[in-house]
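Worksheet: one structure, shown below.
Positions are given from 1 along the sequence. Keep in mind that what you see is a predicted model, and the values were worked out from it rather than measured.
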Amino acid sequence: MKDLTERKDRLQAMSHWCDIYTIEQIQEVIALLGQDTPITRITAVLGVKYGSRDLPVTWEETLSPPGTRVEGSLQRYDQLVGVS
């Protein structure tokens, strides 16, 4: 039973990885780490090696309730920590 569960988990992971990475990238990492490497480790190495580092230029904070957000610059904070 353990083999079937592990096989199912690996197939699900492979399906997920294929949505993000190329087959060549996946194959390279599995060849590097070995076929018996845990899924979590393969996922981590794929993310570090091939993950997107693109960050949005601007980010609008939308989680705080209206009226609790403080708009303004960080100039006072910069002065306190000695950053100019």
Side-chain angles (χ1 to χ4, degrees):
M1 184 67 174
K2 181 183 177 202
D3 291 338
L4 291 176
T5 302
E6 185 175 334
R7 183 179 296 170
K8 176 185 168 192
D9 292 344
R10 288 187 176 275
L11 288 171
Q12 287 176 338
M14 184 63 121
S15 174
H16 172 72
W17 295 332
C18 287
D19 288 340
I20 302 168
Y21 310 105
T22 66
I23 292 293
E24 292 79 16
Q25 291 170 330
I26 297 166
Q27 188 274 329
E28 179 184 337
V29 169
I30 291 173
L32 175 71
L33 299 175
Q35 293 182 6
D36 294 329
T37 303
I39 295 168
T40 53
R41 182 149 186 232
I42 295 170
T43 302
V45 172
L46 282 166
V48 168
K49 190 166 179 134
Y50 298 111
S52 173
R53 303 266 193 280
D54 296 335
L55 298 174
V57 175
T58 59
W59 177 73
E60 184 177 335
E61 195 276 320
T62 58
L63 299 175
S64 300
T68 61
R69 287 181 230 144
V70 177
E71 303 295 331
S73 74
L74 297 175
Q75 184 176 13
R76 178 68 181 136
Y77 175 79
D78 289 345
Q79 290 172 346
L80 291 171
V81 295
V83 177
S84 40

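For the atom pair OG1 (Thr22) and OH (Tyr50), the distance works out to 7.0 Å, reported to the nearest 0.5 Å. To the nearest 0.5 angstrom, Arg41 atom CZ is 12.0 Å from Leu46 atom CG. Here Asp19 contributes atom CG and His16 contributes atom NE2; the two are 7.5 Å apart, rounded to the nearest 0.5 Å.
For the pair Trp17/Val29, no side-chain contact is recorded, criterion being any heavy-atom separation below 4.5 Å from C-beta on. The side-chain heavy atoms of Thr37 and Ile30, taken from C-beta on, include no pair separated by under 4.5 Å.
Looking at residues two or more places apart in sequence or on another chain, you find a salt bridge (charged side-chain N to carboxylate O under 4.0 Å, His left out) between Arg10 and Glu6.
Between Ile23 and Cys18, the closest heavy-atom pair is CD1-SG, 3.5 Å. Smallest separation of non-hydrogen atoms from Ile26 and Tyr21: CG1-CB, 4.0 Å.
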Query raised in the report: Glu28 and Glu24: side chain to side chain contact (heavy atoms under 4.5 Å, CB included), yes or no, with the steps?
Result: CA-CA 6 Å; Glu28 179 184 337; Glu24 292 79 16; over 6 Å; no

